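Following: one structure in structure tokens, then a few remarks.
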Amino acid sequence: MLTLNSFAQGQWHQADAGFKTCHNAITGEPMARISSQDLDFATMRDYARDKGQSSLAQMTFHERALMLKELALYLLSKKDDFYRLSRATGATRQDSWIDIEGGIGTLFVYSGKGRREMPDHTVYIDGAYEPLSKDGSFIGQHICTPMQGVAVHINAFNFPCWGMLEKLAPTLLAGMPAIVKPASDTAYLTELMFREMIASGVLPEGSVQLICGSTGNLLDLLDGQDVVAFTGSASTGQYLKSKDNIMRQGVRFTMEADSLNCSILTPDATPDTPEFKAYVNEVVREMTVKCGQKCTAIRRAIVPNSLIDAVAEAISEQLKNLVIGDPANETVKMGALASLDQQREVRERVAELSQYAVTVYGDTDQVEVVDGNQKTGAFISPILLRAHNALTCPEVHDIEAFGPVSTLMGYDTLKEAAQLANMGEGSLVGSVFGYDDEAVNELVISTASYHGRLLLINRDSAKQSSGHGSPLPHLTHGGPGRAGGGEELGGIRGVLHYMQRTALQGSPTTLTRIIGQYLPGAQTSEPAQHPFKLHFEDLQIGQSLTTESRTITLADIEAFADLSGDRFYAHMDEEAAARNPFFDQRVAHGYFIVSMAAGLFVYPDEGPVLANYGLDDLRFTEPVYPGDDITIHFTCKQKAYRRGKGYGEVRWFIQATNQVDEVVAQYDILTLVASKYEPVVEDDN
């Protein structure tokens, strides 16, 4: 039997007493023992704040993002070890794929987003600057910086790998150290993956620690610079969130709790439609994947009363063919619950629900098992119920059996369907299956405020759908009310949860220095040579070039019209242009101004500038007429080095002004500029 260790202050720690036994979900045999006795939680907190914070603070967002990629690649090379142990949790190969490779995939996603959407800097810029004075000498800018405490991650038993990694990815990218506390029943799998994380040597000192067992008094030691991210039951989450120290110190607390998620079938989705088939398949899948132990599973299947018998029959037919047992047998499609305690819990909740609903399929006390022992393993039959009258029965929207259990609920109108959906009082996810977009629109508008995510499926999207119960790192995971009122993931939104937003006020020059990005009005400098002749390392934020002016002629406008084919009347017809309320006469093409600007600021010879690969935030602010003299102001705005590629991205701020210093156009261009130290290699992003 394994003895699970904690990882504290950079060392593995084994307790001497206070052990709880974890059991194999398939065989019921003792699997591991777990205890956190004798851990010094105050020292763990201080170690994270001192060593972890300083280690991560030295890295930019891009460096942390590359760290996540390296860690993901390492864990992927060890995945077979994780799969072998995952079977003991009752998971099938497909269940384990969601947990193991889904978790590793989250690291990859945050690595990519960190490099694409965050600066190569330690300060995150939140939104555009705000002008606060007429002359532009006093401005405002929101920034985000890492909290200077520790993130305590309390995870649930159902996803021992994904649950850890989906929290760690945004936390580490933000630059905040973490203490991970897995649920005891499946902590042996978390501990194995955590061991490999440490063995990889990728993570800096103090950035992660692990508690196998109770958190002791850790939550009582936290303050306003710390964060708690909790996943689990609503009752436990509410208890932790209401602790005196959490409330008094203003500890940031996010909760992702179990909720009675729903899926709605629209009236047009009759048995002969693809939407009906997709709906039945999805309900069955959500009942059986991970043995229904998903906080996003479909607990309430809301269908038209005219279709409820057909839906019940179709779901039951699929469940009859379901093979349950030891996931080592390739024919098995549903394994076991995580523990005998969980099996007992599900049976009790189904008994409660049975007071308000009839059983359509299944028996909690009887299940046919392949290559497993019904008595010692945590196996259970899928259970499909049908509520008597869900509109007047709040209990069926409140009692949750956290297993392969779903309840059918009937409605006559879309208003009733929305009412049923909202009676769950807040869900992580809801879904709507139907091809009638008017009906889908009505349901979304009526239910969105009660849901963290809504999946909308029809014949056009079903094949590529990620599924009702699959949180994606790109989108928020969390929900209002009963679901905990928190948010995780959601791309960079999840990173900002571990950062403090601060409003800065000052001069453009001062704020440019802090955020590492040129702001209009900040002091500039002119390099001794053309900026396009400078390598990436030699370019400085605020280096600027002002070009010679060029006079725009009628011949220019007509030549560009011939070349581009753009003969919009305002460019070609003097009388029509004069009738336009925005122009006095024929006006130059905006895109001609952009092209002409490049002719003024580009250095033509071969040099460190490798390519122009984009243009952002283009605005035409004043018309340009024949006879106007246009000058270009060209400033190095922001830099991001692509490590290992031999070049970096340089963003330039462009302003085109006329002879009276009016800005007629402004935009950013993005160039790739070679390093003077590394050879250029192909970028795999």
Side-chain angles (χ1 to χ4, degrees), residues 4-15 22 32 34-36 39-41 43-49 51-53 55-56 67-68 71-72 75 82 85 89 99-100 102-104 106-107 110 147 149-200 202-216 218-219 221-222 226-232 236-237 240 252-256 488-489 494 497-498:
L4 303 185
N5 293 345
S6 297
F7 187 75
Q9 299 103 58
Q11 303 290 329
W12 288 100
H13 171 89
Q14 185 174 112
C22 311
I34 182 171
S35 173
S36 62
L39 280 179
D40 187 334
F41 297 107
T43 303
M44 290 182 71
R45 177 207 60 188
D46 293 343
Y47 179 76
R49 289 180 168 186
K51 296 295 185 181
Q53 271 288 337
S55 297
L56 291 167
M67 172 187 73
L68 294 180
L71 179 62
L75 293 179
F82 306 145
L85 190 58
T89 70
D99 186 31
I100 295 166
I104 296 171
T106 300
L107 294 177
Y110 270 93
M147 306 283 283
V150 61
V152 178
H153 296 165
I154 303 174
N155 297 320
F157 68 84
N158 51 336
F159 287 101
C161 298
W162 179 86
M164 171 174 64
L165 297 179
E166 66 94 9
K167 288 184 174 66
L168 278 178
T171 303
L172 295 176
L173 183 55
M176 194 173 191
I179 296 175
V180 178
K181 193 279 182 208
S184 294
D185 282 340
T186 55
Y188 48 84
L189 181 54
T190 307
E191 193 233 35
L192 175 63
M193 180 173 277
F194 196 95
R195 281 187 177 277
E196 293 297 349
M197 288 165 51
I198 300 303
S200 73
V202 171
L203 299 176
E205 182 182 4
S207 58
V208 292
Q209 297 180 82
L210 176 71
I211 298 173
C212 283
S214 167
T215 55
L218 177 59
L219 298 190
L221 302 172
L222 305 181
D226 300 309
V227 176
V228 177
F230 170 84
T231 300
T236 301
L240 297 177
R252 193 173 294 185
F253 192 106
T254 184
M255 181 166 67
E256 186 261 288
E488 294 179 337
L489 301 177
H497 179 71
Y498 298 95

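Quantities reported herein were computed from a predicted structural model and do not represent experimental measurements.
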Using side chain to side chain donor-acceptor pair (under 3.5 Å), reason through Thr171 and His153 one step at a time and then give a plain yes or no.
CA-CA 10 Å; Thr171 303; His153 296 165; 3.1 Å; yes

The residue among Glu191, Gln11, Gln14 that forms side-chain hydrogen bond (donor to acceptor under 3.5 Å, both in side chains) with Asn5 is Gln14

[Y] side chain reached by [X] side chain, heavy atoms, under 4.5 Å:
{"X": "Leu489", "Y": "Thr106", "value": "yes"}
{"X": "Met44", "Y": "Tyr47", "value": "no"}
{"X": "Arg49", "Y": "Pro177", "value": "no"}
{"X": "Thr215", "Y": "Ser36", "value": "no"}
{"X": "Val180", "Y": "Phe7", "value": "no"}
{"X": "Leu75", "Y": "Ile100", "value": "no"}
{"X": "Val152", "Y": "Asp226", "value": "no"}

Of all heavy-atom pairs linking Met164 and Thr190, the shortest is SD-CG2, 3.8 Å

Check the pair Tyr110, Leu172 against side chain to side chain contact (heavy atoms under 4.5 Å, CB included), reporting the backbone distance first and the verdict last.
CA-CA 10 Å; Tyr110 270 93; Leu172 295 176; over 6 Å; no

For residues 156-168, pull every pair meeting side chain to side chain donor-acceptor pair (under 3.5 Å), keeping only residues two or more places apart or in separate chains.
Asn155-Lys167, Lys167-Thr231, Lys167-Glu488

Backbone of Val202 reached by a side-chain donor or acceptor of Ser200 within 3.5 Å:
yes

Could you tell me the separation between the CD1 atom of Ile154 and the CD atom of Glu256, rounded to the nearest 0.5 Å?
13.0 Å

Using the salt bridge (Lys or Arg N to Asp or Glu O under 4.0 Å) criterion, which residues pair with Arg252? Sequence neighbours excluded.
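In terms of salt bridge (Lys or Arg N to Asp or Glu O under 4.0 Å), with neighbours along the sequence ignored, Arg252 is linked to no residue.
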
